Every structure is written in structure tokens, then in C-alpha cells.
Amino acid sequence: MLTALPNALRLLLAALLWTKDPDSHLDLSPAYAPLRFQLRHEHAAAQGSRSLFADVPPSLLGQYHEIPIENIKTHRIPSAAYSHARFLSMRDAQTPILAWDSVEILGPDVSKRRTLLELATMTHNSYYAEPSHKNWYPINGWNTSVPFGWEPDADGLRGHIFASEDNSTVVISIKGTSAPWIAGGEGPTKARDKLNDNLLFSCCCARLGITWSTVCGCYSGGDKCDQNCLEDSLTGDSLYYEIATNLYNDVVYMYPNANIWLTGHSLGGAIASLVGVTFGAPVVAFEVPGEKLAASAFASAPSTQHITHVYHTADPMAMGTCNGITSLCYVAGFAVETRCHLGQRILYDTVTHRGWSVESRHHSMKFLLDNLFNEDWDAEAGVEVPAVDVEEDCVECYNWEFGDFK
Ligand SMILES: *[C@@H]1O[C@H](CO)[C@@H](O)[C@H](O)[C@H]1NC(C)=O
Ligand SMILES: *[C@@H]1O[C@H](CO)[C@@H](O)[C@H](O)[C@H]1NC(C)=O
């Protein structure tokens, strides 16, 4: 309890001091010191929908990610018991009626490039179990000569868990799809990743035509898709959403007083967002194909501004344009059709302002660490990061009719 006190105190002080005068444009919100996060554990899906954890040896705890923070608003379910009840009702695909509390918590300050760079690095590294891997990005103080991590034979959802020095804030990072043209890594999680991609980002179970085998049986002839069937297919045991919900609950158990954030890239970012909207936890998600359609299968917090999508216009997956029979996604067996995102977004217009072409290699986190988050967006104008906005008038799967057809 005591260790959580400094931040609790700061939050209390913030509540007392934080006054915004609507007439002056003076922002009197308090400036917080950045939080320093250490990599503490790796997580990987075990059999079924449980996760396993590997602790980082104490000798490696010197490294850290330093992340600027600010107050953000979200909604919370009052207690852990309540969140358990919520989890049960979700399994039955019922919409639970819950009393959400509106709360203000310390979250990542997404207006700072440092925040995006650090979270992007955490997300990128979660593709790799070993810090000695050639693609691992250096973290301050990390001693790469000490081996640690998973043998690369575990199937399914994987990633890292970081905690601030006082355990007051924990970050769960979730790895995205393992495919050579996405992250530079073929891995054992490939097949299951693809199933999850095709469930989450297609309009109707990856039914793209008669030559495609669908990943669930919700196609109801013509241009009809059965909504109930679709919702059931997304909440199945051992699907990533289910595993990640359990993972979240495990982390709550390990750090009962912590404020938990999630981050991830691509499929991992979509899962982070879906879990974040379920529990009201802050999320920074990178280059996610639209996950809003999938989110409609789960009950969610009454507000979504605690979820921030970061993506750019030269990434066909995040922009929802990697489809059609000549696209790399289609050829590789990925039905990436969705384009609408939950919450708020930071959209880098790299096509207009950097002259980047739209191609799938621009989806890769490594590419973005080297070419986007490594420098301010518009250094001359003093703009670290493009302004936050909200996607408007986003239409999804307009050629499909969703309803009760079975
Ligand atoms: C890294 O770890 C190795 C093995 O424990 C040790 O010999 C070496 O001194 C460490 N290097 C640093 C910079 O701490
Ligand atoms: C933080 O949590 C870890 C468990 O992961 C524990 O070993 C450590 O003592 C805690 N540190 C503080 C400052 O509470």
C-alpha cells in the first residue's frame, strides 16, 4: 500500500489543483515526472486460455523506459469482484448492466513523442523473446549478454509486462501477427495469429468469395452475415481476446493496486484495445486494422477516449486498404477488410507530408521506429506528434447486411 502512496497523493493533489479556466486558455494541469518502467515478466498463452509468466531475472532490472504521463478520464468497474462477474456474463454473450464509475487516472501523455517512442519500442520488442535477438531495440541499461525468455515454441498470444519502479503503474504489451512481411518474424504463432486476424478484421468470417475457406460459419447467403453467430465466434475459448482478458485479470492479481495500461502493434494493438475498452484501461495501439466492428461483440465502457490509435496513411493495413484480389493481404490469406477504430487517434499523414508510398512494409514497427518515432513530426513548427482527433463518418463493411439470419 505504502509504495502506491506517492502517486495516490499526486492524484489527490491533482484533483485539488487541476482547474481549467474556460475563459483563459491557460492549462493549469500539474506537470508530473515521467514514470520509469522496468520489464518484469514475459507472458505467453499456455494450453487453453490461460497465460504463463516468466520473470525477468533481478540482474536485468536496471533497464527502463521513461514515459511522460498526464491525467486522463475513463470509466471503471468498482471492484475486482465486479470485473469477474462481468467476465462471466461476457462469456454468455449477454450485455451486462454495470454501474461504471467515471474516474481520472494517470495515463500515457500521447502528445509527447517520447511516450509514443517508448511504447512503440516496448511493443516492437514483444515480438522477440530474447533481448539478444538482432532485432531487439536497446533499452537503457539492459545487459544483453544475460539470457532470458521463452523458447520460441509457445503457440498464441505473447508479450511483455512492465511495471513502474513503485509498482503503481503496469504496462502489458501484446505482440502482433507473426508473418515475414509484417514484422520480419515467422514464428510458431503464425497459424493462430492468422485465424485471429481473419476473425477480427474481416466483415464476415473471412468470406471473400467462393474460393476462400471461411473461418466461421456465419455467412448466410447473398450478402448476409449472421450477427449472433459472429459475436459467438469472437468470444470463443482460446481466441486471443479471451486469453488477453484472463491475462489482464492475472496482472490485476499480481499488482492489485496498480493502474494498468495496454499497448500493442497490429493484431496485438487490436487485442489491447478490446481489453482496454472492456476494463476502462488506457491503451496506445499502433497500426491496427479497424477493430471497432469486433468490439461490437463485447460489452464496453461507456467512453472510449482512453484508447488512442497511432497509425499513418502509408500503412494499407491500418488504413483498411489492404484488400482486393491483387493485395498482398489477400494473396497471403489475410482478409483485412475493416477500417474503423475505437476511441481517439493520432494519424500521421506520411503520404502527404513525407511522400511515402502506400505499401505493406510501412506497417512494420521496426520501420516506424527508424523512420517516424525517431524524430519530431514537424520539428520546425515545434510539433512533436500530430494532433489527436476522432475518426468521423467511418463506414464499415457497407456491402454486407448484418442481422438474425440463422
Ligand atoms: C553483463 O552480464 C555478464 C554476465 O553476468 C557480466 O559478466 C557483465 O559484467 C555484465 N555487463 C554489464 C555491463 O553489467
Ligand atoms: C513490486 O512488485 C514486485 C513483484 O513483481 C515485488 O517483488 C516488489 O517488491 C514490488 N516493489 C515495490 C516497491 O513494491
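Model, not experiment: these values are computed from the prediction. Remember, it's 1-based here, ligands and their atoms both numbered in the order they're listed.
- Nearest to atom 2 (O) of ligand 2 by heavy-atom distance, out of Asn257, Val170, Asp166, Asn167, is Asn167.
- Counting atoms of ligand 2 from 1 in the listed order, those under 4.0 Å from a heavy atom of Arg40 are 1 (C), 2 (O), 3 (C), 5 (O).
- Judged by distance alone, the side chains of Glu287 and Ser266 never bring a donor and an acceptor atom under 3.5 Å apart.
- Here His363 and His265 bring their ring centres to under 6.0 angstrom of each other.
- Scanning for salt bridge (Lys or Arg N to Asp or Glu O under 4.0 Å) contacts around Glu165 gives Arg36, with sequence neighbours left out.
- Remark: His362 engages Trp356, Phe367 in a ring-ring contact (aromatic ring centres under 6.0 Å, His included) (not counting sequence neighbours).
- Residue Glu165 has no nitrogen or oxygen atom sitting less than 3.5 Å from a nitrogen or oxygen atom of ligand 2, judged on distance alone.
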